[in-house]
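The block underneath contains the structure these notes are about, expressed in structure tokens.
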There are 2 protein chains.
Amino acid sequence: MARIGIRQVAAEAGVSMTTVSHVLNDVPNAQVRAETRERVLLAAQRLGYTPNRMARSLRTRRTGALGLISDSIATTPYAGQLILGAQRAAQEHGYMIVLFNTEDDPVVEERELQALTDYQVDGVIYATMYHRVVSVPQALANRPLVLLDAEPADAQAVDGDKGGGVPWVVPDEVAGGRTATEELTANGHRRIGFVTNVDDVPATSGRLQGYQEALAAAGLQFDPALVISDESESWGGYRAARFLLERGDRPTALFCYNDRMAMGAYRAAAELGLRIPGDLSVVGFDDQELITLGLYPELTSVALPHFDMGYWAGERLVEVLDDTDQSAPVSRLTMPCPLVRRSSVAPV
Amino acid sequence: MARIGIRQVAAEAGVSMTTVSHVLNDVPNAQVRAETRERVLLAAQRLGYTPNRMARSLRTRRTGALGLISDSIATTPYAGQLILGAQRAAQEHGYMIVLFNTEDDPVVEERELQALTDYQVDGVIYATMYHRVVSVPQALANRPLVLLDAEPADAQAVDGDKGGGVPWVVPDEVAGGRTATEELTANGHRRIGFVTNVDDVPATSGRLQGYQEALAAAGLQFDPALVISDESESWGGYRAARFLLERGDRPTALFCYNDRMAMGAYRAAAELGLRIPGDLSVVGFDDQELITLGLYPELTSVALPHFDMGYWAGERLVEVLDDTDQSAPVSRLTMPCPLVRRSSVAPV
DNA sequence: ACGTTTCCCCAAAACGTTTTGGGTAGCATC
DNA sequence: GATGCTACCCAAAACGTTTTGGGGAAACGT
């Protein structure tokens, strides 16, 4: 059984290979009679023809592959969602995702970038897992590229939502911080602590800003004494919460930088005999179900839209590649972070 | 600047394309003088030649791509490790990993399998994220295939470690269960509860068996009343632990099916005023750092070797493909699960 | 009746490799 | 002097598409 190709289909339909190719890809300005088109389609289907991608790629110089290169895929629980989003977008447009990983190691990154170029992917998604600001590697400079959960170090593209630089998508940290805090102010809380960490990343500053904005919007005075930063994520939540809650005028609610720190806050509260949400309301960030559903009471948390970001990045990249509309497309997106309500917030 | 290919290299080196191809791939029984070989190599390097993968693929009928199809990549925090393992193995052997996802939906699976075949990957890794037993889809029947964190439903391959069926790798659940329990018996515990769930998967039965084996090895009687299964993973740990700990002759140690249930056990213990590890020792399973490092005291847990399994699967698959040694290779592997000791276990 | 346009279609070149099927030169063996 | 062998090398075919550059016939305008 000889592998069946376009040639066999042509024979079966009684037309030339050219015509078969034309109808199968319906090329824009190739004229083929409706009747012949039918015949070809039928023949193709009858023979169960599937195109040979390598031959096609060889001719068209496009592989239909998108490289997804990420920093620390193994150490973050979100990785799957980011990747799945991108994969689905790619899939829907007939692209495939091929995986690369830098492991946060410049040497590995070098190697992977090399691999990435000689696999001849059509475009690349450069992903970081924790909303980092990155400077895009030289090797990717002149390629179709989009940044995923990362923003470019050179602010050149920042000035507008349109055109220019490389597209990127990140969570809207400040809106997220605002959402979390508003949930607390809306429940009547007026003394709201912010338990955060000391990292200098967009997430910390953004969420803090959101916190401040929400306070202002609620007519509350920002009190620096209510925000505690700790350097450890595993211990920090506990330490900071403990510190805040032992004060005389303890806050009635805590906004925690992430669920891990919220977990520590829960422990601090338990040790001090404070019930959640009766004596203390808590909202977390990240919506890691391992934690949010594991805690008691279940933790209200702001979710990071990992899937959506991945999906957007994928779509954005194929847009660039397929170049359907040359119209200056949106180039930067901060994606909203929805609040998922559970049982850790109550009216004051 | 014309793209430089094998033709240019040939010209530069003053030899034929044939010869260039021969030396660049050093084909086994092609004879080429050492001096010519040098010349070719030099020319290639001087021109910065990199082979065109599509052309090569077209001719050799091999894409150098491995399909990795997994069930629920987005909903499990381990996904990254499994994938990274496979990716690294692939990378090291010059393969790339292209990603597919079934999302546990037969319709999607159908579509992805279709995509997978017409992308013409050389081989496929069929991965599940929670050690499932699967029946391999018809579409994969006659392809180079290895199962990752999954075992085949038809036990045809089970009879030996060699030859025959499709290779698969899973965690050694029973050894893991034994390890966990031994850690407790070794600390002198004699009444050890097992908090587990009701799912009918290899993990539950395996870990239970390990538990029993360890008890036997320590000369302890197995007491069915000490194992409590609950249907919910988020609440089950709490409920089961609470139930066990309220008994008059409460266990002094708990082996929990996974970290999530251990998290519940911590809460139960706290509510009953039992200190960990002073009054109660706990060991978990899965080693999810989000939990193990978030709990206080930090949870001793048995780790699942996700990276290693992924790596093995990748290596195994390229072995099959490159077919270096036809010698019947190991076909099944249960991988050991190391114990990572933290602070939740103490002598009785 | 004769160009011109329009509509449909095709043969062959091209993409960049690997592989096939020799070819040539030198040397040894009969 | 033919034959055979060995060591080295090459021209051309092949892989399965897409794309180029028309070509023939019908329809149309004059």
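Please read all numbers here as calculations on a predicted model, not as lab measurements. A, B, ... follow the sequence lines: proteins, then strands. Residue 1 opens every chain. The figures that follow rest on heavy atoms only: side chains count, while hydrogens, waters and symmetry mates do not.
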Problem set entry | Candidates dT18(D), dT20(D), dC8(C) - which lies nearest the side chain of T18(A) | dT20(D)

Problem set entry | d(CZ, R39(B); P, dC10(D)) in whole Å | 8 Å

For this session: Measure the distance from CD on E38(A) to C1' on dC8(C) and round it to the nearest whole Å.
Result: 16 Å

Exercise. Reckon T60(A) touches a base, only the sugar-phosphate, or nothing at all at heavy-atom distances under 4.0 Å?
Worked result: sugar-phosphate

Problem set entry | Close side-chain approach of I97(A) and V98(B), heavy atoms under 4.5 Å | no

Exercise. Which sits closer to the 5' end of DNA chain D, V15(B) or A55(B), going by the nucleotide each is nearest to?
Worked result: V15(B)

Exercise. Reckon M17(A) touches a base, only the sugar-phosphate, or nothing at all at heavy-atom distances under 4.0 Å?
Worked result: base

Exercise. When you measure from the side chain of Y49(B), which nucleotide among dC8(C), dC10(C), dT17(C) comes out closest?
Worked result: dT17(C)

For this session: Rounded off to whole Å, could you give me the CE-to-C1' distance for the M54(B) and dG16(D) pair?
Result: 15 Å

Exercise. Heavy-atom distance under 4.5 Å between the side chains of L148(B) and T128(B), does that happen here?
Worked result: no

For this session: Pick base, sugar-phosphate or nothing for T36(B), based on heavy-atom distances below 4.0 Å to the nucleic acid.
Result: sugar-phosphate

Exercise. If you measure from CD1 on I69(B) to CG on L140(B), what distance do you get to the nearest 0.5 Å?
Worked result: 6.5 Å

Exercise. Rounded to whole angstrom units, what separation is found between the CD atom of Q120(B) and the C1' atom of dC15(D)?
Worked result: 12 Å

For this session: Can you see which heavy atom on Y49(B) is nearest to which on I4(B), and at what distance?
Result: CA-CD1, 3.2 Å

Seminar exercise, completed: Closest to the side chain of V32(B), out of dT17(D), dT17(C), dC9(D), is dC9(D)

Exercise. Just how far, in rounded Å, is P of dG21(D) from NE2 of H22(A)?
Worked result: 13 Å

Exercise. Got a donor-acceptor pair under 3.5 Å from the side chain of R59(A) to the base of dT17(D)?
Worked result: no

For this session: Provide, to the nearest angstrom, the distance between the CD1 atom belonging to I4(B) and the C1' atom belonging to dC15(C).
Result: 15 Å

Exercise. Looking across every strand, which nucleic acid part, if any, lies under 4.0 Å from R53(B) by heavy atom: base, sugar-phosphate, or nothing?
Worked result: nothing

Exercise. Is any side-chain N or O of Q31(A) closer than 4.0 Å to OP1 or OP2 of dC8(C)?
Worked result: no

Exercise. Can a side chain N or O of R33(A) be found less than 4.0 Å away from OP1 or OP2 on dC8(C)?
Worked result: no

For this session: Figure out the CZ/P separation between R7(B) and dA14(C), and round it to whole Å.
Result: 10 Å

Problem set entry | Atom-to-atom span, CG of N25(A) to P of dG16(D) - whole angstrom | 17 Å

Problem set entry | NZ/NE/NH1/NH2 to OD/OE distance under 4.0 Å, E103(A) and R88(B) | yes

For this session: Can you figure out which of dG16(C), dC8(D), dA11(C) approaches the side chain of R3(B) most closely?
Result: dG16(C)

Exercise. Looking at T19(B), does any N or O in its side chain come under 4.0 Å of the phosphate oxygens OP1/OP2 on dC10(D)?
Worked result: yes

Exercise. Given dT18(C), is OP1 or OP2 found less than 4.0 Å from the side-chain N or O atoms of S21(B)?
Worked result: yes

Exercise. Parallel under 30°, tilted from 30 to 60°, perpendicular over 60°: which one fits the rings of Y119(B) and F100(B)?
Worked result: tilted

